[in-house]
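Only one structure is covered here, and it is reproduced in the block below.
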Protein chains: 2
Amino acid sequence: MTLVPSQQNLVSEWLARLHEAGYRLTAPRRVVVEVIANSRYVLEPQAVHALARQRSPHIGLATVYRTLEKLEDLGLIQRIHRPDGCQAFIAAVEGHRHPLICRRCGRVEYFSGDAEIVARLSQHVAEESGYIIQEHWLQFFGLCSECRQDDTASN
Amino acid sequence: MTLVPSQQNLVSEWLARLHEAGYRLTAPRRVVVEVIANSRYVLEPQAVHALARQRSPHIGLATVYRTLEKLEDLGLIQRIHRPDGCQAFIAAVEGHRHPLICRRCGRVEYFSGDAEIVARLSQHVAEESGYIIQEHWLQFFGLCSECRQDDTASN
DNA sequence: CTGCTTGCAAAGGATTTGCACCTTA
DNA sequence: TAAGGTGCAAATCCTTTGCAAGCAG
């Protein structure tokens, strides 16, 4: 299980993918793409909207939702599920990678899964339960290195 | 990793816990408790309401939400997160147990976690990331033994 | 130019809240 | 009988949709 470095140049890649998919590259879309692609933190639609408006004050919330939908369909962003809600998005990563989410600030790191261990578990689970296993989710929650310091300081 | 048998007598236990917590045991609460405690399937608030109305036709949706909130606060039920939504509840289980959810019918089985493997992963992740790991979620998705047959038959 | 996109506002759906009445303890 | 609980309806909140006007290609 190893830490996965964050990717660079996501913006141009995402714009290219949108273009390939037949979507037009408009100013509002560029802004939404930049906001999410450059964020290491999970962002809810409202937060994306707020950040986008800092660059482009008249952008509408509906446009944010519509863009999020396309990015999700293209697999460029993914939804992060947390105890307090499941409407937060972050740049997707490829392969079997598992998010490590800071409960305090929403910062996300990814780990590449240990394919062997998980495969063994899946098979075991399948045999005992009679289920066909199609997918698994593994997520870690905690405090990132910055937030753990703030937390210590405030106690 | 072993299959966890479903628990019996949840209803009286939950009612006792509600009582201990200072809540009154009313007819609507009993009905909601019976509906969820006896279900092997994840249930959304609307579904709980529909099932509850079969036994007690005038029960209100708001009462269902209020009861769900209390049961969740007491840790008696837990939210199941799925790709298509996170408002589904099922009886909680104790200890480190991981749900295996049928995508088709919502049936849930639990597995007791392999504490050793997960502890090792957590520590590894903590060391590499600098995070304090507080919690993890491991969920499996697939088709239960009944649904896999239906699925084969219909193809 | 053509038709996809946008922003706004209205609609829709889910969840929460206010309140008078009712029931538990 | 007092306090908590209920059902209903109204209020909220989030998300989606309709539409005329605005741009990308």
Side-chain angles (χ1 to χ4, degrees), chain A residues 11-12 14-36 42-74 77 79-89, chain B residues 12 14-36 42-74 76-77 79-89:
Chain A
V11 173
S12 49
W14 289 11
L15 293 175
R17 294 279 297 279
L18 282 168
H19 188 245
E20 289 165 20
Y23 298 117
R24 293 184 180 177
L25 301 185
T26 64
R29 280 184 186 157
R30 288 174 192 274
V31 172
V32 170
V33 162
E34 285 166 15
V35 164
I36 306 183
V42 296
L43 296 175
E44 300 186 2
Q46 304 279 353
V48 174
H49 186 222
L51 291 169
R53 285 213 158 179
Q54 292 180 3
R55 308 190 188 203
S56 181
H58 52 85
I59 191 171
L61 183 55
T63 298
V64 171
Y65 275 102
R66 289 186 278 231
T67 305
L68 289 173
E69 186 184 15
K70 288 171 178 55
L71 293 174
E72 191 178 19
D73 286 349
L74 292 174
I77 61 175
R79 213 173 278 263
I80 290 289
H81 293 252
R82 293 177 297 169
D84 56 320
C86 306
Q87 308 307 320
F89 293 90
Chain B
S12 49
W14 290 11
L15 292 175
R17 294 280 297 279
L18 281 168
H19 188 245
E20 287 164 22
Y23 297 118
R24 295 184 177 177
L25 300 185
T26 66
R29 281 186 184 156
R30 289 173 192 276
V31 171
V32 169
V33 163
E34 285 167 15
V35 163
I36 306 182
V42 298
L43 296 175
E44 300 186 2
Q46 302 280 353
V48 174
H49 186 222
L51 291 169
R53 285 214 157 179
Q54 291 179 4
R55 308 190 189 201
S56 182
H58 52 85
I59 191 172
L61 183 54
T63 297
V64 170
Y65 275 101
R66 289 187 276 231
T67 305
L68 289 174
E69 187 184 14
K70 288 171 179 54
L71 293 174
E72 191 178 20
D73 286 347
L74 292 174
L76 300 172
I77 60 175
R79 214 172 277 264
I80 289 291
H81 294 253
R82 293 176 297 168
D84 55 321
C86 307
Q87 308 307 319
F89 293 90

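The basis for the numbers below is simple: all heavy atoms, side chains too, and nothing from hydrogens, waters or symmetry mates. Chain A is the first sequence line, chain B the second, and so forth, proteins listed ahead of strands; every chain is numbered from 1.
- Taking the ring-ring contact (aromatic ring centres under 6.0 Å, His included) definition, one finds that His49(B) meets it with nothing, sequence neighbours left out.
- One distance of note links OH of Tyr23(A) with CG of Leu18(A); it measures 8.0 Å at 0.5 Å rounding.
- Contacts of Glu20(B) classified as side-chain contact (heavy atoms from CB on, under 4.5 Å), with partners at least two apart in sequence or in another chain: Ala16(B), Arg17(B).
- At a non-hydrogen distance threshold of 4.0 Å, nothing from residues 79-86 of chain B comes into contact with DNA chain C.
- In this structure, Glu44(A) places its CD atom 15 Å from P of dC13(D), rounding to the nearest Å.
- Using a 4.0 Å heavy-atom criterion, one finds that Arg30(B) contacts no nucleic acid atom at all.
- Looking at heavy atoms from C-beta onward, Leu71(A) lies out of side-chain contact with Phe89(A) at the 4.5 angstrom threshold.
- For the atom pair Lys70(A) NZ and Leu68(A) CG, the distance stands at 10.0 Å (nearest 0.5 Å).
- Taking atom NE2 on His58(B) and atom P on dT23(C), their separation rounds to 9 Å, with Å as the unit.
- Here the options are Leu61(B), Ile77(B), Val64(B), the test is side-chain contact (heavy atoms from CB on, under 4.5 Å), and the partner is Val48(B); only Val64(B) passes.
- Annotation: salt bridge (charged side-chain N to carboxylate O under 4.0 Å, His left out) contacts involving residues 56-68 of chain B, sequence neighbours excluded, are absent.
- The structure places CD of Glu69(A) at 10.5 Å from CG of Leu74(A), a figure rounded to the nearest 0.5 Å.
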With both pairing distances under 3.5 angstrom for Watson-Crick or G-U wobble, and | for a partner in another strand, the correct string for DNA chain C is |||||||||||||||||||||||||

Which side-chain N or O atoms in residues 24-35 of chain B pair as donor and acceptor under 3.5 Å with protein atoms at least two apart or in another chain?
from, atom 1, to, atom 2, distance (Å)
Thr26(B), OG1, Arg29(B), N, 3.4
Arg29(B), NH1, Arg24(B), O, 2.9
Glu34(B), OE1, Arg55(B), NH1, 2.6

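- When rounded to the nearest whole Å, the span between CG of Leu15(A) and P of dA24(D) equals 14 Å.
- Atoms CD (Glu69(B)) and P (dA14(C)) sit 19 Å apart, rounded to a whole Å.
- The distance between atom CZ of Arg53(A) and atom P of dC8(C), rounded to the nearest whole Å, is 6 Å.
- In terms of heavy-atom proximity, Cys86(B) sits nearest to His81(A) at SG-ND1, 3.1 Å.
- Projected onto DNA chain C by closest heavy-atom contact, Pro45(B) and Val64(A) fall at different nucleotides, the more 5' of which corresponds to Val64(A).
- Taking the side-chain hydrogen bond (donor to acceptor under 3.5 Å, both in side chains) definition, one finds that Glu72(B) meets it with Arg79(B), sequence neighbours left out.
- Sorted by residue number, the members of residues 18-29 of chain B with any non-hydrogen atom under 4.0 Å from DNA chain C read Arg24(B), Leu25(B).
- Rounded to whole angstrom, the span from the CG atom of Leu61(B) across to the P atom of dA14(C) amounts to 10 Å.
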Can you check nucleotides 18-20 of chain C for protein contacts, nitrogen or oxygen pairs under 3.5 Å, and list what you find?
none

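- Ile59(A) has its CD1 atom 15 Å from the C1' atom of dG22(D), to the nearest Å.
- You'll find the side chain of Leu76(B) stays beyond 4.5 Å of the side chain of Ile36(B), heavy atoms only.
- By the side-chain hydrogen bond (donor to acceptor under 3.5 Å, both in side chains) test, Glu44(B) pairs with Arg82(B), sequence neighbours left out.
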